[in-house]
Amino acid sequence: MQKYGIHLLALSHVYLVPQLKQRCTRALIRQLTVENVVDVLQLARLCDAPDLYLRCLKLAHAHFESVEATEGWKFLQKHDPWLELEILQFIDEAELRKKKRRRNKEDQSLYLELSEAMECLEHICTEGCTSVGPCDAEPLMKKEPCGKFTICRGIQLSIKHFATCEKRVGGGCSRCKSMWQLLRLHSSICDQPDSCRVPLCRQFKLRMHQEKRKDNARWKQLAKKVISAKVLSSLSQPKRKRAEDLREEVSDRSIRSMRLPTIASH
């Protein structure tokens, strides 16, 4: 197979010997190099060997600069421009898919961060944390950082700033705009506005229901993506960790249902 693999692949294709053809394909895949990939690619196309053909394209894509410098590629440019075009198209499509996957990964990371921010906001306004909490309870005034959410301290500082900023009414504070958008996104996700303790949750719900503006659809779409990112993240966790999170969530909901409904906070 090492010496006559290429010849045996051609013979097995002509004489219709599928088992030999499969063995030749596997052997040639193991023997692929930058120097012979173009020749093997031409053979794979002529002999209808899709596995070998795809593996050659992937190797050419991974080491294209080195493949371009080989004699096989120069011969291909002169005598088989259609195959050259197929290789270039495959490389272009592979790069587009790579960029799309990277962009989707970045988007999912952003949606997951927003999901954590939603949970942290509800945690602060319902249970209270360190120096910020609901209006019917005194702040804990703990000096230790919150161990439940990594962004809890930042959300608390944003809430304090939002409550005292003088530029908020005029819309001149970018930090307040971010907090305003966070509250609106929470309202788009929240399914219990009457009992929710996050500020302005019910007001945003009523406003979106009454106005029915075009941007409301965009907020709903963003809310769906944030929820989807949270679900995908939970599914990627180990089974035991998911069970613990589920029990914790059920316990939190039962505690919230026992508290008085209020939407104000410090």
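Side-chain contact between Ser12 and Leu9 is present, with heavy atoms from C-beta onward closer than 4.5 Å. With contacts defined as side-chain heavy-atom distances shorter than 4.5 Å, the pair Leu43/Leu52 does not qualify. Counting only heavy atoms from C-beta outward, the side chains of Thr33 and Val37 never approach each other to under 4.5 Å. Counting heavy atoms from C-beta outward, His123 and Cys152 have side chains that approach closer than 4.5 Å. The shortest side-chain heavy-atom distance between Leu183 and Cys201 does not fall under the 4.5 Å cut-off. Inter-residue side-chain proximity for Asp48 and Pro50 is flagged as met; some heavy-atom pair is nearer than 4.5 Å. Taking the side chain as every heavy atom from C-beta outward, Cys173 and His161 approach each other to under 4.5 Å. The shortest side-chain heavy-atom distance between Phe90 and Leu54 falls under the 4.5 Å cut-off.
A salt bridge links Arg45 with Glu86: the distance from a Lys NZ or Arg NE/NH1/NH2 to an Asp or Glu carboxylate oxygen falls below 4.0 Å.
The CZ atom of Arg30 sits 10.5 Å away from the CZ atom of Arg55 when rounded to the nearest 0.5 Å. Here the straight-line distance linking atom CG of Leu20 with atom OG1 of Thr25 works out to 9.0 Å at 0.5 Å rounding. Taken from CD1 in Ile159 to CD in Gln156, the straight-line distance is 7.0 Å, to the nearest 0.5 Å. Here Ser158 contributes atom OG and Met179 contributes atom CE; the two are 6.5 Å apart, rounded to the nearest 0.5 Å. Atoms CD and CD1, from Glu84 and Ile87 in turn, are 7.5 Å apart once rounded to the nearest 0.5 Å. The distance from atom CG of Asp92 to atom CD of Glu95, rounded to the nearest 0.5 Å, is 8.0 Å.
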Could you walk me through whether Leu96 and Arg101 pass the side chain to side chain contact (heavy atoms under 4.5 Å, CB included) check? CA-CA 9 Å; Leu96 290 176; Arg101 285 195 299 269; over 6 Å; no
CA sep, side-chain torsions, deciding dist, call: Lys78, Lys74, side chain to side chain contact (heavy atoms under 4.5 Å, CB included): CA-CA 7 Å; Lys78 293 180 180 179; Lys74 296 175 182 178; 5.6 Å; no
Could you go through the side chain to side chain contact (heavy atoms under 4.5 Å, CB included) check for Gln181 and Leu185 one step at a time? CA-CA 6 Å; Gln181 292 171 348; Leu185 180 59; over 6 Å; no
The test is side chain to side chain contact (heavy atoms under 4.5 Å, CB included); show your working for Leu112 and Gln108 and say whether it passes. CA-CA 6 Å; Leu112 192 60; Gln108 286 297 112; over 6 Å; no
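Leu28 and Leu11 fall into different hydrophobic clusters, where Ile, Leu, Val, Met, Phe, Trp and Tyr residues are linked whenever their side-chain heavy atoms come under 4.5 Å apart, directly or through other members. Under the 4.5 Å side-chain contact rule for hydrophobic residues, Met1 and Ile29 do not share a cluster. Hydrophobic clustering (ILVMFWY, side-chain heavy atoms < 4.5 Å, transitive): Leu83 and Leu88 are in one cluster.
Asp80 places no side-chain N or O within donor-acceptor distance of the main-chain N or O of Leu76, the cut-off being under 3.5 Å. A donor-acceptor pair is defined here as one N or O able to donate and one able to accept, closer than 3.5 Å; such a pair exists between the side chain of Asn36 and the backbone of Gln31.
Across all non-hydrogen atoms, the minimal contact from Val67 to Thr70 is O-OG1, 2.6 Å. Listed here is the closest heavy atom pair of His61 and Ile91: CD2-CG2, 3.6 Å. In this structure, Cys47 and Ala10 approach most closely via the heavy-atom pair SG-CA, 3.9 Å. Taking both residues in full, the closest heavy atoms of Ile155 and Leu182 are given as CD1-CD2, 3.8 Å, listed atom of the first, atom of the second, then distance. Considering every non-hydrogen atom in both Leu8 and Cys24, the closest pair reads CB-SG, 3.5 Å. Residues Leu46 and His13 approach most closely at O-NE2, 3.6 Å, considering heavy atoms.
Aromatic ring pairs are classed by plane angle as parallel below 30°, tilted from 30° to 60° and perpendicular above 60°; the pair His7 and Tyr4 is perpendicular. Using cut-offs of 30° and 60° on the angle between ring planes, the pair Phe162 and Trp180 is tilted.
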